[in-house]
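Positions are given from 1 along the sequence. Model, not experiment: these values are computed from the prediction. Atoms considered below: every heavy atom in the structure, side chains included; atoms not considered: hydrogens, waters and symmetry mates.
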Amino acid sequence: IPLYYQVVRGQSALHAGLLLAPQGLGAMIAMPLAGRMTDRTGAGRIVLVGLGLVLVGMLSFTQVSADSSYLLLGFSQFTLGLGMGATMMPAMSAAYQTLTHNEVPRATSTINIIQRVGGAIGATMLSVILSHQLASHIPGATASSGLAAAQRIGTSASPAVRETLVGQVAASFGATFWWSVGLVLLALIPALFLPRRLPPP
(Lines give C-alpha, C1' and ligand atoms only; values in the text may rest on other atoms or scores of the structure.)
Protein backbone atom coordinates (compact mmCIF):
# COMPACT_ATOMS: atom_id res chain seq x y z
CA ILE A 1 0.00 0.00 0.00
CA PRO A 2 2.74 2.55 0.78
CA LEU A 3 4.50 1.59 -2.46
CA TYR A 4 1.27 2.26 -4.36
CA TYR A 5 1.09 5.73 -2.84
CA GLN A 6 4.73 6.46 -3.67
CA VAL A 7 5.07 4.85 -7.09
CA VAL A 8 1.63 5.40 -8.63
CA ARG A 9 0.49 8.55 -6.85
CA GLY A 10 3.91 10.20 -6.59
CA GLN A 11 3.69 10.79 -2.84
CA SER A 12 6.77 11.20 -0.66
CA ALA A 13 7.61 8.59 1.98
CA LEU A 14 6.27 10.96 4.66
CA HIS A 15 2.97 11.54 2.88
CA ALA A 16 2.61 7.82 2.13
CA GLY A 17 3.09 7.12 5.83
CA LEU A 18 0.47 9.71 6.76
CA LEU A 19 -1.95 8.19 4.25
CA LEU A 20 -1.63 4.88 6.16
CA ALA A 21 -3.06 6.49 9.32
CA PRO A 22 -6.66 5.27 8.77
CA GLN A 23 -5.45 1.66 8.93
CA GLY A 24 -3.78 2.25 12.30
CA LEU A 25 -6.87 4.07 13.56
CA GLY A 26 -9.08 1.13 12.58
CA ALA A 27 -6.80 -1.33 14.36
CA MET A 28 -6.66 0.90 17.43
CA ILE A 29 -10.46 0.92 17.66
CA ALA A 30 -10.92 -2.80 16.96
CA MET A 31 -8.27 -4.33 19.20
CA PRO A 32 -9.77 -3.53 22.62
CA LEU A 33 -13.31 -4.29 21.43
CA ALA A 34 -12.26 -7.60 19.88
CA GLY A 35 -10.35 -8.50 23.04
CA ARG A 36 -13.41 -7.94 25.24
CA MET A 37 -15.70 -9.86 22.88
CA THR A 38 -13.20 -12.75 22.74
CA ASP A 39 -13.24 -12.94 26.55
CA ARG A 40 -17.01 -13.46 26.38
CA THR A 41 -17.50 -15.65 23.31
CA GLY A 42 -14.20 -17.23 22.27
CA ALA A 43 -12.01 -16.32 19.32
CA GLY A 44 -13.63 -18.27 16.47
CA ARG A 45 -16.48 -15.92 15.58
CA ILE A 46 -14.48 -12.73 16.10
CA VAL A 47 -11.59 -13.83 13.87
CA LEU A 48 -13.97 -14.81 11.06
CA VAL A 49 -15.62 -11.37 11.22
CA GLY A 50 -12.17 -9.75 11.26
CA LEU A 51 -11.00 -11.68 8.20
CA GLY A 52 -14.24 -10.72 6.45
CA LEU A 53 -13.45 -7.04 7.10
CA VAL A 54 -9.89 -7.54 5.83
CA LEU A 55 -11.32 -9.08 2.65
CA VAL A 56 -13.70 -6.15 2.11
CA GLY A 57 -10.91 -3.64 2.60
CA MET A 58 -8.49 -5.54 0.38
CA LEU A 59 -11.02 -6.05 -2.43
CA SER A 60 -11.22 -2.32 -3.03
CA PHE A 61 -7.43 -2.22 -3.46
CA THR A 62 -7.69 -4.77 -6.25
CA GLN A 63 -9.49 -2.04 -8.21
CA VAL A 64 -6.93 0.75 -7.69
CA SER A 65 -6.18 3.05 -10.58
CA ALA A 66 -3.92 6.02 -11.11
CA ASP A 67 -6.61 8.35 -9.81
CA SER A 68 -8.50 6.33 -7.20
CA SER A 69 -10.21 8.49 -4.61
CA TYR A 70 -8.08 9.08 -1.52
CA LEU A 71 -11.29 9.10 0.51
CA LEU A 72 -12.23 5.62 -0.76
CA LEU A 73 -8.69 4.33 -0.18
CA GLY A 74 -8.69 5.79 3.34
CA PHE A 75 -12.03 4.16 4.13
CA SER A 76 -10.74 0.85 2.73
CA GLN A 77 -7.65 1.10 4.93
CA PHE A 78 -9.80 1.90 7.96
CA THR A 79 -11.81 -1.27 7.20
CA LEU A 80 -8.54 -3.21 6.82
CA GLY A 81 -7.40 -1.91 10.19
CA LEU A 82 -10.67 -2.90 11.85
CA GLY A 83 -10.31 -6.37 10.37
CA MET A 84 -6.69 -6.80 11.40
CA GLY A 85 -7.44 -5.58 14.92
CA ALA A 86 -10.33 -8.05 15.15
CA THR A 87 -8.14 -10.87 13.84
CA MET A 88 -4.77 -10.56 15.59
CA MET A 89 -5.79 -10.15 19.23
CA PRO A 90 -8.43 -12.91 19.32
CA ALA A 91 -6.14 -15.33 17.48
CA MET A 92 -3.34 -14.63 19.98
CA SER A 93 -5.77 -15.07 22.87
CA ALA A 94 -6.91 -18.41 21.47
CA ALA A 95 -3.28 -19.50 21.18
CA TYR A 96 -2.64 -18.91 24.88
CA GLN A 97 -5.99 -19.80 26.47
CA THR A 98 -5.41 -23.52 26.97
CA LEU A 99 -1.70 -23.43 27.83
CA THR A 100 -0.31 -24.31 31.23
CA HIS A 101 2.03 -21.88 32.97
CA ASN A 102 5.10 -23.90 31.96
CA GLU A 103 4.12 -23.91 28.28
CA VAL A 104 3.74 -20.13 27.93
CA PRO A 105 7.47 -19.26 27.44
CA ARG A 106 7.92 -21.79 24.65
CA ALA A 107 4.64 -20.76 23.02
CA THR A 108 5.65 -17.09 23.13
CA SER A 109 8.94 -17.84 21.38
CA THR A 110 7.24 -20.03 18.80
CA ILE A 111 4.54 -17.46 18.00
CA ASN A 112 7.15 -14.69 17.66
CA ILE A 113 9.20 -16.82 15.27
CA ILE A 114 6.13 -17.72 13.20
CA GLN A 115 5.10 -14.04 13.01
CA ARG A 116 8.54 -12.82 11.96
CA VAL A 117 9.20 -15.58 9.42
CA GLY A 118 5.65 -15.53 8.07
CA GLY A 119 5.69 -11.75 7.69
CA ALA A 120 9.04 -11.83 5.88
CA ILE A 121 7.93 -14.63 3.55
CA GLY A 122 4.63 -12.90 2.78
CA ALA A 123 6.25 -9.52 2.09
CA THR A 124 8.92 -11.12 -0.10
CA MET A 125 6.38 -13.16 -2.04
CA LEU A 126 4.18 -10.14 -2.74
CA SER A 127 7.24 -8.08 -3.74
CA VAL A 128 8.26 -10.74 -6.27
CA ILE A 129 4.71 -10.93 -7.63
CA LEU A 130 4.58 -7.13 -7.93
CA SER A 131 7.93 -7.07 -9.76
CA HIS A 132 6.71 -9.69 -12.25
CA GLN A 133 3.45 -7.78 -12.77
CA LEU A 134 5.36 -4.54 -13.37
CA ALA A 135 7.71 -6.29 -15.79
CA SER A 136 4.74 -7.52 -17.80
CA HIS A 137 3.18 -4.05 -17.97
CA ILE A 138 6.21 -1.77 -18.43
CA PRO A 139 8.00 -2.00 -21.79
CA GLY A 140 11.63 -3.02 -21.42
CA ALA A 141 11.38 -3.90 -17.74
CA THR A 142 12.45 -7.28 -16.39
CA ALA A 143 11.29 -9.14 -13.30
CA SER A 144 14.39 -8.02 -11.42
CA SER A 145 14.03 -4.37 -12.48
CA GLY A 146 10.25 -3.99 -12.52
CA LEU A 147 9.94 -2.08 -9.26
CA ALA A 148 12.92 0.16 -10.02
CA ALA A 149 11.42 0.97 -13.44
CA ALA A 150 8.08 1.80 -11.84
CA GLN A 151 9.76 4.08 -9.31
CA ARG A 152 11.56 5.91 -12.11
CA ILE A 153 8.21 6.43 -13.83
CA GLY A 154 6.74 7.76 -10.60
CA THR A 155 9.57 10.17 -9.80
CA SER A 156 11.64 11.16 -12.82
CA ALA A 157 9.72 10.32 -15.99
CA SER A 158 8.42 13.08 -18.20
CA PRO A 159 4.74 13.96 -17.78
CA ALA A 160 3.90 12.35 -21.15
CA VAL A 161 5.61 9.05 -20.27
CA ARG A 162 4.12 9.09 -16.79
CA GLU A 163 0.63 9.69 -18.14
CA THR A 164 1.04 6.83 -20.61
CA LEU A 165 2.40 4.22 -18.19
CA VAL A 166 1.05 5.11 -14.76
CA GLY A 167 -2.24 3.33 -15.49
CA GLN A 168 -0.30 0.15 -16.31
CA VAL A 169 1.67 0.46 -13.09
CA ALA A 170 -1.58 0.87 -11.12
CA ALA A 171 -2.97 -2.24 -12.83
CA SER A 172 0.12 -4.15 -11.65
CA PHE A 173 -0.61 -3.15 -8.07
CA GLY A 174 -4.26 -4.16 -8.45
CA ALA A 175 -3.26 -7.61 -9.73
CA THR A 176 -0.85 -8.03 -6.81
CA PHE A 177 -3.59 -7.14 -4.33
CA TRP A 178 -5.62 -10.05 -5.75
CA TRP A 179 -2.88 -12.33 -4.42
CA SER A 180 -3.33 -10.70 -1.02
CA VAL A 181 -7.04 -11.50 -1.24
CA GLY A 182 -6.12 -15.12 -1.96
CA LEU A 183 -3.88 -15.26 1.11
CA VAL A 184 -6.68 -13.89 3.29
CA LEU A 185 -9.02 -16.55 1.88
CA LEU A 186 -6.45 -19.19 2.83
CA ALA A 187 -6.38 -17.76 6.36
CA LEU A 188 -10.09 -18.53 6.66
CA ILE A 189 -9.29 -22.26 6.73
CA PRO A 190 -7.40 -22.33 10.06
CA ALA A 191 -9.77 -19.65 11.43
CA LEU A 192 -12.64 -22.10 11.05
CA PHE A 193 -10.94 -24.36 13.61
CA LEU A 194 -10.61 -21.69 16.30
CA PRO A 195 -12.80 -22.27 19.38
CA ARG A 196 -16.30 -20.79 19.24
CA ARG A 197 -16.65 -20.75 23.02
CA LEU A 198 -14.42 -20.18 26.01
CA PRO A 199 -12.39 -23.16 27.28
CA PRO A 200 -13.36 -24.55 30.69
CA PRO A 201 -11.55 -22.77 33.55
Side-chain angles (χ1 to χ4, degrees), residues 1-34 49-89 115-116 118-135 137-138 141 145-185 187:
I1 293 173
L3 274 177
Y4 164 79
Y5 284 132
Q6 290 178 268
V7 173
V8 178
R9 307 306 289 269
Q11 299 291 338
S12 67
L14 174 63
H15 287 147
L18 292 173
L19 287 166
L20 295 176
Q23 186 171 321
L25 182 64
M28 183 181 75
I29 291 170
M31 280 184 175
L33 295 173
V49 170
L51 286 174
L53 289 169
V54 170
L55 272 174
V56 169
M58 192 58 69
L59 279 170
S60 64
F61 275 94
T62 63
Q63 308 302 313
V64 290
S65 65
D67 56 358
S68 294
S69 163
Y70 282 114
L71 185 63
L72 175 63
L73 295 176
F75 182 74
S76 298
Q77 284 182 255
F78 180 74
T79 306
L80 268 173
L82 287 174
M84 289 193 294
T87 301
M88 291 185 294
M89 294 306 291
Q115 285 180 323
R116 304 279 186 284
I121 290 171
T124 302
M125 186 182 82
L126 290 174
S127 295
V128 169
I129 291 167
L130 177 60
S131 291
H132 280 277
Q133 289 291 330
L134 290 167
H137 285 97
I138 299 174
S145 68
L147 189 54
Q151 288 173 324
R152 282 195 301 275
I153 291 168
T155 57
S156 58
S158 67
V161 171
R162 179 172 164 73
E163 187 175 336
T164 303
L165 293 179
V166 74
Q168 298 298 317
V169 174
S172 300
F173 277 88
T176 304
F177 284 123
W178 276 113
W179 283 85
S180 298
V181 167
L183 291 173
V184 175
L185 289 171

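In this structure, the side-chain hydrogen bond (donor to acceptor under 3.5 Å, both in side chains) partners of Ser12, at least two apart in sequence or on a different chain, are His15. Residues passing the ring-ring contact (aromatic ring centres under 6.0 Å, His included) test with Phe78: none are found, sequence neighbours excluded. Legend: residues meeting side chain to side chain contact (heavy atoms under 4.5 Å, CB included) with Met28, ordered by chain and number and at least two apart, are Leu25. For the side chain to side chain contact (heavy atoms under 4.5 Å, CB included) test, residues two or more places apart in sequence or in another chain that qualify with Ala34 are Ile46, Ala86, Pro90. Judged as a side chain to side chain contact (heavy atoms under 4.5 Å, CB included), and not counting sequence neighbours, the contacts of Leu19 are Tyr5, Gln11, Tyr70.
Atom CG of Leu59 is separated from atom OG1 of Thr79 by 11.0 Å, given to the nearest 0.5 angstrom. Within the model, atoms CG of Leu126 and CD1 of Ile121 stand 12.0 Å from one another, a figure rounded to the nearest 0.5 Å. Summarising the geometry, atom CD belonging to Gln23 is positioned 10.5 Å from atom CG belonging to Leu82; distances are rounded to the nearest 0.5 Å. Taken from CE in Met58 to CD in Gln77, the straight-line distance is 9.5 Å, to the nearest 0.5 Å. From Met31, atom CE reaches atom OG1 of Thr87 across 9.5 Å, with rounding to the nearest 0.5 Å.
Checking Ser127 against Thr124 by side-chain atom types alone, no donor-acceptor pair falls below 3.5 Å.
Taking each heavy atom of Pro2 and Ala16 in turn, the nearest pair found is O-CB, 4.0 Å. Minimum interatomic distance between Ser68 and Leu73 (heavy atoms only, all atoms of both residues): CB-CD1, 4.1 Å.
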Donor-acceptor contacts under 3.5 Å from residues 169-182 side chains, at least two apart:
| from | atom 1 | to | atom 2 | distance (Å) |
| --- | --- | --- | --- | --- |
| Ser172 | OG | Gln133 | O | 3.3 |
| Ser172 | OG | His137 | ND1 | 3.0 |
| Ser172 | OG | Gln168 | O | 3.1 |
| Thr176 | OG1 | Ser172 | O | 2.9 |

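Listed by first and then second residue, the side chain to side chain donor-acceptor pair (under 3.5 Å) pairs involving residues 53-63 are Ser60-Ser76 (not counting sequence neighbours).
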I'd like to know whether Leu80 forms a side-chain contact (heavy atoms from CB on, under 4.5 Å) with Ile1, so could you lay out the CA-CA distance, the side-chain angles of the two residues, the decisive distance to 0.1 Å, and finally the verdict. CA-CA 11 Å; Leu80 268 173; Ile1 293 173; 3.8 Å; yes
